[in-house]
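We use all heavy atoms of the structure for the numbers below, so side chains are in, but hydrogens, waters and symmetry mates are not. In what follows, residues are counted from 1 in the order of the sequence shown. All figures in this text were calculated on a predicted structure; none of them were measured in a lab. Order of appearance sets the numbers: ligands from 1, and atoms from 1 within every ligand.
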Amino acid sequence: MRVLLVCLGNICRSPMAEAVLRAKLRTRGLEGWTVDSAGTSGHHAGQRADPRTVAVLRAVGIPCDVVSRPVVAEDFERFDAVLAMDQSNLAALVRVCPPVHRSKLALALAPLGGDDVPDPYYGGPDGFEQVYGLLDRALDAWLERWTA
Ligand code: 4NP
């Protein structure tokens, strides 16, 4: 499987999702998967993940070395699943995704009912904890689907 996690800036939510999914794959001994993340905006391209994302991950022993990059056209070819953190990012992906790859797009929280992963950027550290909890559960559910 090749999985791309997408949010707006690729500095808060999708780097966390990438790091958590990598950790789950390591734990399960699933080698050979491709996991990456990207932003629908290129505003933070080249930046490391937000320190609040890194702190939440560090507290649970998960490393994060993501450098922000924007979504590019080839991503829709390269990946089998492209998971958007919220409806706004999904809409941005739908606008640029070739119709033949449309079925690869989904909301990250689809297995939990399809709510948005709330944007934690302008909030406090508890928002980042909440994002971690949501992604941890949703990615377990995605892994069950992908490995069934
Ligand atoms: P992310 O969070 O999409 O989860 O990386 C954000 C990062 C930056 C901004 C908004 C959300 N921003 O407005 O700069």
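Using a 4.0 Å cut-off between heavy atoms, Leu8 contacts ligand 1 through both its backbone and its side chain. Residue contacts with ligand 1, taken as heavy atom pairs separated by less than 4.0 Å, involve Asn10 solely via the backbone atoms N, CA, C and O.
Taking each heavy atom of Ala138 and Ala108 in turn, the nearest pair found is CB-O, 3.5 Å. Nearest heavy-atom pair across Val71 and Thr40 is CG2-N, 4.3 Å.
Heavy-atom contacts of Ile11 reach the following atoms of ligand 1: 5 (O), 7 (C), 8 (C) (cutoff under 4.0 Å). Each of the following atoms of ligand 1 lies closer than 4.0 Å to a heavy atom of Gly9: 1 (P), 3 (O), 5 (O). Atoms of ligand 1 lying under 4.0 Å from at least one heavy atom of Cys12, given by number and element, are 1 (P), 2 (O), 4 (O), 5 (O).
A salt bridge is defined here as a Lys NZ or Arg NE, NH1 or NH2 lying under 4.0 Å from an Asp or Glu carboxylate O, and Asp75 with Arg69 meets this definition. Between Arg28 and Asp140 there is a salt bridge, since at least one side-chain N of the basic residue sits less than 4.0 Å from a carboxylate O of the acidic one.
The shortest N/O to N/O separation between Ser14 and ligand 1 does not fall below 3.5 Å. For a threshold of 3.5 Å applied to N or O pairs, the pair formed by Pro120 and ligand 1 contains no separation below that value.
Of all protein heavy atoms, the one closest to atom 1 (P) of ligand 1 is Cys7 SG, 3.4 Å. Nearest protein heavy-atom contact of atom 13 (O) of ligand 1 is Tyr122 OH, 3.3 Å. In terms of protein heavy-atom proximity, atom 8 (C) of ligand 1 is closest to His44 NE2, 3.4 Å. Nearest protein heavy-atom contact of atom 9 (C) of ligand 1 is Tyr121 CD2, 3.5 Å. Of the protein's heavy atoms, Asp119 OD2, 3.1 Å lies nearest to atom 11 (C) of ligand 1.
The side-chain hydrogen bond (donor to acceptor under 3.5 Å, both in side chains) test with Arg13 singles out one residue from Thr53, Asp116, Asp86, and that residue is Asp86.
Put simply, the side chain of Asp65 reaches to within 4.5 Å of the side chain of Arg48, judged on heavy atoms. With a 4.5 Å cut-off on side-chain heavy atoms, Leu4 and Phe76 do not count as touching.
A cation-pi arrangement, defined by a distance under 6.0 Å to the six-membered ring centre and an angle within 45 degrees of its axis, is absent between Arg137 and Tyr132.
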